[in-house]
2 protein chains.
Amino acid sequence: MADKYGNIPNIVIGRLPLYLRALQYMLLENHLVTSSKELAERLGISAAQIRKDLSQFGEFGKQGTGYQVEFLVRTLKQIIHVDTTWDVIIIGAGDIGHGIARYPGFNNQGFRVIKVFDNNPAKIGTKIGEFVVEDSATMEEKIKEGNIKIAMIAVPASQAQQVADNLVRAGIKAILNYAPITLNVPPGIQIQYIDPVMHLQKMTYYL
Amino acid sequence: MADKYGNIPNIVIGRLPLYLRALQYMLLENHLVTSSKELAERLGISAAQIRKDLSQFGEFGKQGTGYQVEFLVRTLKQIIHVDTTWDVIIIGAGDIGHGIARYPGFNNQGFRVIKVFDNNPAKIGTKIGEFVVEDSATMEEKIKEGNIKIAMIAVPASQAQQVADNLVRAGIKAILNYAPITLNVPPGIQIQYIDPVMHLQKMTYYL
DNA sequence: TAGATTGTTAATCGATTAACAATC
DNA sequence: TAGATTGTTAATCGATTAACAATC
C-alpha cells in the first residue's frame, strides 16, 4: 500500500532511489556507518533534507552516530518495494530495446527483463541476447498471464501512445517511456520518461 | 549569456524542452496555432504555468488567439540555445555507447555526435556505425581542438568520476551521465543523469 | 461587438532550511 | 562526561494557481 506512510510528497519518493544508490556504493566500499551530513555531501543536497525525508518513514538513525548503511539500504528497499524482483517487459526491439534488454544494471536492483516484443515480422523470432523477440499481437495475453506490472516502451514516437494504451488495457501499472513524446495515461498509472535530447536541452540554456 | 533574461528558476528552464517537444509535434501535424490551454492538456500541466513560464522570456502570444506554433518553436530554440548544432562526444563504447551513438533522435534537435572514445585497446579502432572508436588517452586534446562543450558518459560507474574529471579539465561544460552514480563536478558545470533503475524505482513505491 | 486568451498580480500552496532539544 | 548527530519544529523560501484586466 502506497499510503502505509500517509501522504508522502512525490518529490520525496523520487529522492529515495538516489539515497539508495549512494548507500549501496558505500556498502560496496565497506563503508558501514554514515551520517546525513556525509550522504548530503556525496549527493550535493542538504543534510536537513535527507533527515527530513527519511523521518517520513520512521526513525532509522542514532543520535551521535548516524545511520547503519546496511540497515538503511534494507529499509529503503522495503519502502520503495524493491526488496522483491519485478518482471519487466520491453516493447520495441530496435537499438534502444536491444540496449535495455542487455543492460546489466537492473540486476539486484529489483528488476528483471523477461520478454521483448516487436510488431515487425522481420524481427519477431530473432534473438536479443537470451531473449527471442515475441509478437506484439500476443502481448496483452502474456502480460495478463504473467501478471506483469511494469513495461518499458522503446518504439518510435509515432507508435508509443498506441502501445501505452495497449499496455494499460492489459494491466500494466508502471511505464518507462523511451519514446520522445508525452503520453496520456489514466490516473493511477505511473509513467516516467527517458529522453536524452530533453536532458541535453536542459543544459544548453546555460552554455 | 544565461542571464540575458535575469534569474530564471532552473525548474522553468527544465520545462522549456518539454514545451518545445510538444510544439514540434504540433508542427508535424500541421497544427499551426495553439493556446496555453491546449498545450497544458497535452502535457498534463496547468495552463497558467505555461503562460507564466513563457512570460519570463517575453510576450509570444496574442490575446484571444493564442500562440503561433512555428514562431514559438523558433523562439524556444533560441532561448535554450538549440538554434545551432552542438557537437557532442561519447565516452564508452559498450552497449550504452553503441545505443546513443546510433540514436537518430538527436538530429535536428541541436545535437550531433561526432566522436566515440574508449580506453579498451580491444575496442579502439573498431567501428560503431560511421564512427571509429578513438583512444581515451587522446580525448582531452581532441576536446580542446574541437572546442567541444558537451559529453555523454557511458562507461561503468567505477570509471565515471575519473572520466568526468578529465572532461572538465579538457573544457567540457555539460555532461549527460549514463553511469548509475552521482558525480562531483565543479560549480558552473552542468550535469544531468539518465538511469533507468532510478526511474523504475520512483514508480514501484506506488505499486 | 462578443468571445477567447493572453500576461500578470496576489494568494495559496508546498518544499527547503536553520536551529535546537533530545540523546547516543 | 563531551562531542556528535538525530528527528522535528518553525521560519523561510520558492513555486503554483486562481483570477482578471487588457486586448486581439
Q: Nearest whole angstrom, please: distance from the P of C:dG7 to the CG of B:Leu39.
A: 13 Å

Q: State whether B:Ser36 places a side-chain N or O below 4.0 Å from either non-bridging phosphate oxygen (OP1 or OP2) of C:dT5.
A: no

Q) Which nucleotide, in any strand shown, forms a Watson-Crick or G-U wobble pair with C:dA15, with both distances under 3.5 Å? A) D:dT12

Q: Examine distances only and state if a side-chain atom of A:Asp53 and a backbone atom of A:Val12 form a donor-acceptor pair shorter than 3.5 Å.
A: no

**Q.** Nucleotide D:dA4, atom P - distance to CD of A:Glu38 in whole Å
**A.** 15 Å

Q: Tell me which residues in residues 61-71 of chain A put a heavy atom below 4.0 Å from DNA chain C, sorted by number, or none.
A: A:Lys62, A:Gln63, A:Gly64

Q | A:Asp195 bridged to B:Arg21 by N-O distance under 4.0 Å | A | yes

Q.
Over 60° means perpendicular and under 30° means parallel, so tell me whether A:Phe57 and A:Tyr5 are parallel, tilted or perpendicular.
A. perpendicular

Q: Using the test salt bridge (charged side-chain N to carboxylate O under 4.0 Å, His left out), find all partners of B:Glu38 that sit at least two apart in sequence or belong to another chain.
A: none

Q: Going by the side chain to side chain contact (heavy atoms under 4.5 Å, CB included) test, name the single residue among B:Asp83, B:Val82, B:Leu20 that passes it with B:Leu76.
A: B:Leu20

Q) OP1 or OP2 of C:dA15 less than 4.0 angstrom from a side-chain nitrogen or oxygen of A:Arg15, does that happen here? A) no

Q) In whole Å, what is the span from the CG atom of A:Asn10 to the P atom of D:dT16? A) 13 Å

Q. Taking the inter-plane angle between the rings of B:Phe111 and B:Phe106 on a 0 to 90° scale, is it parallel (under 30°), tilted (30 to 60°) or perpendicular (over 60°)?
A. perpendicular

Q | B:Ser136 (side chain) donor-acceptor with B:Asp118 (main chain) under 3.5 angstrom | A | yes

Q | Strand-adjacent residues in residues 47-60 of chain A, judged by heavy atoms under 4.0 Å from DNA chain D | A | A:Arg51, A:Lys52, A:Ser55, A:Glu59, A:Phe60

Q | Atom NZ of B:Lys62: over 12 foreign heavy atoms under 6.0 Å | A | no

Q: Rounded off to whole Å, could you give me the CD1-to-P distance for the A:Ile45 and C:dT16 pair?
A: 9 Å

Q) When the distance from NZ of A:Lys37 to C1' of D:dA4 is rounded to whole Å, what number comes out? A) 10 Å

Q | Within 6.0 angstrom of B:Lys37 NZ, more than 12 heavy atoms from elsewhere | A | no

Q.
Any strand counts, and the cut-off is 3.5 Å on both contacts for Watson-Crick or G-U wobble. Which nucleotide pairs with C:dA22?
A. D:dT5

Q | Short side-chain N/O contact from A:Ser46 to OP1 or OP2 of C:dT16, under 4.0 Å | A | no

